[in-house]
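Values in this document were obtained by computation on a predicted structure and should not be read as measured data.
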Amino acid sequence: MEYTLILDEGTTSTRAIIFDENGNVISTSSRQLKTIYPSADFVEQSADEIFAKSVEAMDDVIEQCGCTPKTLGITNQRETVVAWDIENDKTLFNAIVWRDKRGQRLCEKFKNFGYESIIRSKTGLLLDPYFSASKISWMIENVPEISKRLRSGKIKFGTIDSYIVWKLTKNHSTEPSNASRTLLFNINEMKWDEDLMDLFNIPAETLPEVRNSNSDFGQSKYGDILSILGDQQSSLFGNLCAEEGQVKCTYGTGAFVLANAGKMKAPPADGLLKTIAWSVSGNVSYALEGSVLASGETMNWLKRLSIIKNDAEIEELARSVDGTEGAYFVPALDGLGSPIWNPYARALFIGLNSSHTRAHIVRAVLDAMAFSVAEVVDTFIKSGLKISQMSVDGGGAKNTLLLEVLSDVLKMKIERPKFYEMTAYGAFLMTKMNGEDKMNGIMKFKREFDLFEPKKNLDDLYNRWKMAEEVSINWSRKRR
């Protein structure tokens with residue numbers, strides 16, 4: 001029996017999982033990660049801690065298994081960047097996390113110069129501090145040790161995957177699903193873009209080599225590293241959305257919705273991102289991506305307001321009423337994400353009257369979690385994709401009523417895998433590609449799933465919800 005170790009390096013924790021050759025989980029281990037908030041809009045983590053905790057989790061999971069993994073795969077939080085000195089192997093600053101907004105001023109400056117359209121055409125992304133380039137620029141401009149040592153040619157920058165690969169193998173490498181999240185990678189030409197590197201003042205020699213997602217990234221004590229994928233793309237692969245038009249949604253703090261766009265050459269519709277799903281032996285698949293900013297976070301907000309006590313009572317409360325009785329919720333606690341992208345919009349309840357109870361409130365929030373994802377999928381269709389399948393994972397997907405509403409509003413069958421580690425599973429499946437295109441061969445690894453089929457017509461409720469969303473958008477315009 002051959003074993004594969006997968007390192008799933010997230011934002012709040014790092015997890016190690018060992019799979020046998022048939023995709024069965026043999027052992028798991030996780031370690032919590034600290035997040036540092038130096039000031040408003042600044043979000044950092046210790047890259048040294050990330051690696052140390054990763055090693056702890058991997059050592060622990062091997063000890064539990066009592067086996068020696070032959071291969072290692074990595075999936076990771078995207079956009080977060082690390083700077084280190086290859087001469088002494090020391091990190092030169094904390095990792096700047098994807099949520100960090102310190103690059104906002106630079107991005108606004110470039111927008112005012114009219115650069116956003118050309119950047120979007122090259123990268124498929126928005127000009128936003130969410131992505132890596134402005135974070136690296138900030139390091140170069142504001143960390144004296146980095147700016148001083150940059151001239152030595154010994155400094156490297158990279159997303160978390162490339163930092164971990166360096167620590168394990170001394171190879172400076174990444175792959176397209178991560179590189180395409182930096183605002184520096186030309187997704188049409190599949191290479192670092194000289195114009196963008198010049199714009200952000202980032203030397204080419206500081207960036208990693210970009211290999212295929214199923215490359216041999218080097219030997220480590222934990223096995224040969226045979227796959228790397230950004231976490232959301234890895235979830236797409238884990239759900240076996242291997243063909244154009246197949247969609248997955250991960251319900252977590254937010255909701256990340258990705259559609260396999262195949263070889264799509266057209267730019268994405270407004271409000272969507274176009275990114276690299278993966279590159280398998282030189283065969284590139286694109287993805288369209290939409291992000292709903294507040295999903296599970298809205299339920300956490302209800303807990304803080306003492307409207308609900310815990311996740312266990314959400315579905316029971318929501319099912320205790322037939323519907324919302326005319327109440328609607330717009331989940332814009334931190335603005336609206338895809339496809340609206342309005343940071344000034346704010347959450348609202350509308351249509352409330354004295355007969356409404358907390359059950360109606362919870363049901364309205366649950367409906368909004370479905371409607372906001374449906375709005376993203378509608379935009380995929382407007383981009384020209386024919387949606388053939390949707391898979392749903394993440395903590396929120398455990399709520400059966402949510403998926404029933406989602407199936408109804410989309411008029412589409414929804415699959416919920418009974419196996420929840422789909423991000424790690426995607427990285428495991430990528431190790432099975434083994435240097436050649438075996439996309440058809442991995443279909444035997446498809447997990448059992450629960451199937452939800454549409455039963456009700458929710459067009460009227462959905463349209464009324466979008467009217468409520470317009471109220472939130474219009475209110476934001478008046479408040480600016």
Side-chain angles (χ1 to χ4, degrees), residues 41 79 98-99 101 104 107-108 111 116-117 119-120 123-131 181 183 232 247 249-259 261 266-275 287-299 301 327-351 364-385 387 390 396 402 405-406 409-410 458-480:
D41 295 331
E79 298 95 18
W98 57 272
R99 293 167 51 207
K101 298 291 186 183
Q104 183 70 50
C107 290
E108 291 294 339
K111 284 181 185 179
E116 185 161 38
S117 61
I119 289 175
R120 186 157 170 76
T123 68
L125 307 176
L126 298 169
L127 183 46
D128 193 276
Y130 174 67
F131 305 108
R181 309 300 294 185
L183 277 182
Q232 297 307 319
V247 180
C249 171
T250 298
Y251 273 111
T253 302
F256 290 92
V257 193
L258 270 72
D270 288 345
L272 296 180
L273 306 177
K274 184 178 176 183
T275 193
L288 295 182
E289 179 172 335
S291 302
V292 178
L293 300 182
S295 188
E297 175 57 26
T298 306
M299 289 301 177
W301 176 65
Y328 297 89
F329 176 68
V330 180
L333 294 170
D334 296 303
L336 290 170
S338 302
I340 306 299
W341 285 110
N342 185 331
Y344 304 102
R346 285 295 175 264
L348 61 81
F349 283 100
I350 196 168
V365 170
L366 205 67
D367 283 356
M369 290 171 65
F371 294 161
S372 54
V373 168
E375 192 173 34
V376 174
V377 176
D378 286 347
T379 313
F380 289 162
I381 295 170
K382 290 175 185 175
S383 289
L385 277 185
I387 305 301
M390 186 166 190
L402 169 62
V405 175
L406 183 62
V409 70
L410 286 173
L458 299 185
D459 286 352
D460 184 58
L461 290 177
Y462 181 40
N463 289 331
R464 296 279 292 177
W465 177 82
K466 286 193 282 188
M467 291 170 60
E469 188 179 50
E470 280 297 320
V471 174
S472 173
I473 295 167
N474 289 331
W475 183 89
S476 74
R477 291 174 182 144
K478 294 176 181 179
R479 295 285 294 181
R480 286 187 211 177

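The shortest non-hydrogen separation linking L127 to C107 is CD2-O, 3.6 Å. Between F131 and L183, the shortest heavy-atom distance links the atoms CB-CG, 3.7 Å. Nearest heavy-atom pair across V409 and A370 is CG1-O, 4.4 Å. When all heavy atoms of V405 and F371 are compared, the pair lying nearest together is CG1-CE2, 4.2 Å. The shortest non-hydrogen separation linking G290 to S338 is CA-OG, 3.3 Å. Closest of all the heavy-atom pairs between C249 and V257 is SG-CG2, 4.1 Å.
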- Task: Test side chain to side chain contact (heavy atoms under 4.5 Å, CB included) on F349 and V365 and set out the steps.
- Result: CA-CA 9 Å; F349 283 100; V365 170; 4.0 Å; yes
- Run the numbers on Y251 and L406 for side chain to side chain contact (heavy atoms under 4.5 Å, CB included), then give the verdict. CA-CA 12 Å; Y251 273 111; L406 183 62; 4.1 Å; yes
- Check against side chain to side chain contact (heavy atoms under 4.5 Å, CB included), L458 and R464: CA-CA 10 Å; L458 299 185; R464 296 279 292 177; over 6 Å; no
- Step-by-step side chain to side chain contact (heavy atoms under 4.5 Å, CB included) determination, L272 to V376: CA-CA 8 Å; L272 296 180; V376 174; 4.2 Å; yes
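Between N342 atom CG and S472 atom OG the span is 7.0 Å, to the nearest 0.5 Å. One distance of note links CD of E470 with CD1 of I340; it measures 7.0 Å at 0.5 Å rounding. Interatomic distance, L258 CG to Q232 CD, rounded to the nearest 0.5 Å: 6.5 Å. Once rounded to the nearest 0.5 Å, the distance linking OH of Y130 with NZ of K101 reads 9.0 Å. The NZ atom of K382 sits 14.0 Å away from the CG atom of L288 when rounded to the nearest 0.5 Å.
Within the 4.5 Å cutoff, side-chain heavy atoms of F329 are placed close to those of T298. No side-chain heavy atom of D41 sits less than 4.5 Å from a side-chain heavy atom of Q104. No side-chain heavy atom of I473 sits under 4.5 Å from any side-chain heavy atom of V330. Between I387 and F380, the closest side-chain pair of non-hydrogen atoms falls below 4.5 Å.
If you run side chain to side chain contact (heavy atoms under 4.5 Å, CB included) between L125 and each of R181, E116, R120, only R181 comes through.
Residue pairs satisfying the salt bridge (Lys or Arg N to Asp or Glu O under 4.0 Å) criterion with at least one member in residues 367-380, sequence neighbours excluded, are listed as follows: R363-D367.
Enclosure of atom CG in D459 by more than 12 non-hydrogen atoms of other residues, nucleotides or ligands within 6.0 angstrom is indicated.
A donor-acceptor distance shorter than 3.5 angstrom exists from the side chain of S383 to the backbone of T379, with no hydrogens or angles considered.
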